[in-house]
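Predicted model, so just to flag it, every value in this text is computed and none were measured.
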Amino acid sequence: MSRPPRPTALLCALAATAALFPSATPARAAVSLTFGGCPASVPSPPAPDRVECGHLTVPLDRRHPSGPRIEIAVSRVPASGTPAERRGILLVNPGGPGGSGLPYAVTKRARLPASVRRSYDVIGFDPRGVGHSAPVDCGAMGGLFTTPGTDPVPVGPRAERAYLTAQRHLADDCATGAGTRLLPHLSTEQTAYDMDAIRAALGEPRMSFLGVSYGSYLGAAYTARFPHRVDRMVLDSVVGPWDWYDFDVIQSRALLRARDTFFSWTAAHADRFGLGDDTDAVRRSYLRARRGLTARPAGGFGPAEFDRTVYRALGRTERWTGLADGLRAYLMDGDVDGLRPASAFDSPESRNYEAANRIVKCADGPGPTPGEILADIRRLRGLDAQPVLTGLEATACAYWHHRSNRRTPLGGPAAPPVLLVASAHDPVTPIQGARELRKLLPGSRLVTLEHDYSHGVFASRGNGCVDGTVAAYLVDGSVPATDVRCTGPGLPGAH
């Protein structure tokens with residue numbers, strides 16, 4: 001056991017942590033939010049709706065409420081109904097970890113059913129470490145932003161050693177860029193406390209919440225700490241109650257299934273795409289494109305960039321046509337413009353996202369060992385010689401400078417009924433995550449969109465059964481008597 005720090009050393013450590021944050025301010029009680037204008041990243045909703053933004057000061061460490069503090073950026077779009085229709089606040093989170101939620105109050109609200117918009121003030125916020133809430137930067141992140149990037153699928157001992165070395169350097173860069181004193185405090189559990197501070201500052205006895213993807217994990221963490229503060233909660237595209245590294249490996253397997261479905265779909269539209277008239281032929285076209293970009297990257301676009309494009313496209317079926325067209329264009333004339341993402345991977349927003357993503361995942365619980373990482377990569381390569389490993393983000397936790405031995409508490413029997421929403425074939429958050437999490441949320445219901453292959457369901461897929469069920473729950477408190485199965489769209493046509 002390590003010796004407890006001396007009081008003077010502890011004071012120096014907290015002072016050093018405060019210096020890491022440009023937004024850190026002296027400790028003071030935060031009792032209200034004052035709203036005003038919003039940064040340029042927040043779009044304006046159509047009139048007569050309006051969006052307003054403010055900052056809330058919270059402790060960096062909840063165990064030391066009088067220590068250093070940081071600011072959390074908050075946005076609000078007031079309910080559009082009458083005062084009698086208003087039933088409270090609906091916090092929203094778009095996922096990540098690392099996603100900016102400040103604009104989400106506008107962008108997600110625009111897609112919510114009218115009854116929900118009339119009933120709730122929709123509240124967005126940038127989680128700590130993200131966007132306008134004391135954003136973190138991990139610098140080079142072990143070469144993550146180098147273009148073209150190193151092949152992310154290591155084959156053989158030398159490549160495996162290089163892969164682990166890059167993860168070690170990523171961890172070192174985060175310790176240097178963010179500071180080792182900060183690493184424990186950018187956790188999901190601390191963000192759950194920030195959510196409750198937002199609720200209290202808005203003067204609401206309870207709050208409702210809509211969390212998508214990582215937002216579902218955040219919502220489950222809030223119910224564990226503040227079950228009596230939960231009004232209604234919708235967890236969409238659910239992250240299972242696993243350690244982050246285990247989740248990443250589960251996701252990587254699901255991506256292989258989704259890619260096989262993409263290959264079959266592309267083959268079924270051979271006249272449109274010209275990549276082959278059966279699944280194996282399309283797979284060969286895909287592998288030929290990846291091998292070509294590995295041997296000779298085009299304009300900084302190599303195997304790492306290729307895999308990131310595939311990873312993103314597999315998560316939403318409406319992106320499949322673009323991926324197939326991009327593969328064909330490259331194979332025909334070497335053009336990668338159809339595969340290249342619209343926004344640069346090394347943009348400031350992306351750098352912040354990737355940094356916050358790793359820091360949160362590594363703060364939330366134990367990480368893997370280097371041996372476990374290599375064993376899992378070899379197993380994935382045993383399933384398919386060319387897996388997509390882009391989502392193995394928690395591998396860096398093997399070398400993290402702050403090792404968390406405590407898992408994030410999720411759910412609990414005291415929470416009111418929660419609505420879980422899932423796509424039957426979502427490769428990003430596989431449906432078994434929703435089934436496992438519901439075991440920690442007694443009385444909850446699962447709404448499944450059958451025959452669907454995309455990530456993000458409620459107020460996203462345009463399904464009347466899903467949207468109506470969730471809206472009735474949020475507005476009227478109608479909890480379905482049993483789980484609900486909605487008929488999804490199936491695989492898309494080739495446009």
Side-chain angles (χ1 to χ4, degrees), residues 30 33 56-65 67 69-75 88-102 104-105 123-131 133-134 136 182-202 204-236 238-244 247 356-357 359-365 404 406-416 418-420 433 437 440-441 444:
L33 262 166
L56 180 69
T57 304
V58 299
L60 174 66
D61 183 353
R62 290 290 166 177
R63 297 170 303 174
H64 302 285
R69 302 178 74 86
I70 57 174
E71 288 188 338
I72 302 298
V74 182
S75 59
I89 59 172
L90 178 68
L91 260 70
V92 292
N93 179 273
S100 171
L102 206 63
Y104 201 58
I123 310 297
F125 70 104
D126 280 347
R128 52 174 57 203
V130 175
S133 297
V136 291
L182 168 64
L183 297 181
H185 305 304
L186 290 192
S187 67
T188 296
E189 190 171 17
Q190 293 278 359
T191 299
Y193 279 101
D194 296 340
M195 289 167 54
D196 199 60
I198 293 171
R199 174 205 59 75
L202 292 172
E204 299 285 344
R206 295 190 299 169
M207 74 169 196
S208 296
F209 180 73
L210 167 61
V212 181
S213 195
Y214 164 70
S216 67
Y217 189 86
L218 180 57
Y222 185 84
T223 64
R225 284 296 168 203
F226 304 101
H228 57 295
R229 299 296 189 188
V230 176
D231 187 3
R232 289 157 196 177
M233 181 168 288
V234 177
L235 307 182
D236 183 358
V238 179
V239 173
W242 305 300
D243 291 342
W244 277 113
F247 167 79
N357 176 282
I359 293 175
V360 172
K361 284 191 170 185
C362 296
D364 277 355
S404 176
R406 180 177 176 274
R407 291 175 170 83
T408 304
L410 299 173
V418 170
L419 217 55
L420 305 162
L437 184 62
L440 305 179
L441 295 164
S444 296

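Nearest heavy-atom pair, A356 versus G129, reported as atom, atom and distance to 0.1 Å: CB-O, 4.0 Å. In terms of heavy atoms, A105 sits closest to G124 at CB-N, 3.5 Å. Residue P416 comes nearest to P227 through the heavy atom pair CD-O, 3.7 Å, listed as atom of the first residue, atom of the second, then distance. What you find for G101 and P94 is that their closest heavy atoms are CA-CD, 3.8 Å. Nearest heavy-atom pair across G219 and M233 is O-SD, 3.5 Å.
Listed by chain and number, the residues in a ring pair (Phe, Tyr, Trp, His ring centres under 6.0 Å) with F226 are Y193, Y222 (sequence neighbours excluded). With sequence neighbours excluded, no residue satisfies side-chain hydrogen bond (donor to acceptor under 3.5 Å, both in side chains) with R229. Considering only residues two or more places apart in sequence or on other chains, D243 meets the side-chain hydrogen bond (donor to acceptor under 3.5 Å, both in side chains) condition with R407. Annotation: side-chain contact (heavy atoms from CB on, under 4.5 Å) contacts of P241 (sequence neighbours excluded): L410, E436, L437, L440. Partners of Y217 according to the side-chain hydrogen bond (donor to acceptor under 3.5 Å, both in side chains) rule, which considers only residues two or more places apart in sequence or in another chain, do not exist here. In terms of the side-chain hydrogen bond (donor to acceptor under 3.5 Å, both in side chains) criterion, residue partners of R225 (sequence neighbours excluded) are, by chain and number, E189.
Rounding to the nearest 0.5 Å gives a distance of 13.0 Å between CZ of R199 and CD1 of I123. With rounding to the nearest 0.5 Å, the separation of CG in L56 from CD1 in I72 is 7.5 Å. Atom-to-atom distance recorded for D196:CG and T191:OG1 is 13.0 Å, nearest 0.5 angstrom. Note that CG of L182 and CD1 of I70 are 8.0 Å apart. Values are rounded to the nearest 0.5 Å. Distance CD1/I89 to CD1/I198: 8.0 Å, rounded to 0.5 Å.
Under the 4.5 Å side-chain criterion, counting only non-hydrogen atoms from C-beta, L186 is not in contact with Q190. Between D194 and R62 there is a side-chain heavy-atom pair separated by less than 4.5 Å. Contact check for P59 versus H64: no side-chain heavy atoms found under the 4.5 Å cut-off. By the 4.5 Å heavy-atom criterion applied to side chains, N93 and P127 are counted as neighbours. For the pair M195/L218, a side-chain contact is recorded, criterion being any heavy-atom separation below 4.5 Å from C-beta on.
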Taking only distance into account, with no hydrogens and no angle test, what donor-acceptor pairs under 3.5 Å do side-chain atoms of residues 208-215 form with protein atoms, sequence neighbours excluded?
{"unit_1": "S208", "atom_1": "OG", "unit_2": "R232", "atom_2": "N", "d": "3.2"}
{"unit_1": "S208", "atom_1": "OG", "unit_2": "R232", "atom_2": "O", "d": "3.4"}
{"unit_1": "S213", "atom_1": "OG", "unit_2": "H455", "atom_2": "NE2", "d": "3.0"}
{"unit_1": "Y214", "atom_1": "OH", "unit_2": "T188", "atom_2": "OG1", "d": "2.7"}

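The backbone N or O of D231 lies less than 3.5 Å from no partner atom in the side chain of R206, so there is not a single donor-acceptor pair. Not a single donor-acceptor pair under 3.5 Å links the side chain of S216 to the backbone N or O of L235. Judged purely by atom type and a 3.5 angstrom limit, R128 uses its side chain to pair as donor or acceptor with the backbone of H185. Counting only distance, with no hydrogens or angles, the side chain of T408 and the backbone of D364 share a donor-acceptor pair below 3.5 Å. Checked by atom type and distance alone, the side chain of S133 pairs as donor or acceptor with a backbone atom of A73 at under 3.5 Å.
Counting only residues at least two apart or in different chains, salt bridge (charged side-chain N to carboxylate O under 4.0 Å, His left out) contacts with residues 207-216 are absent.
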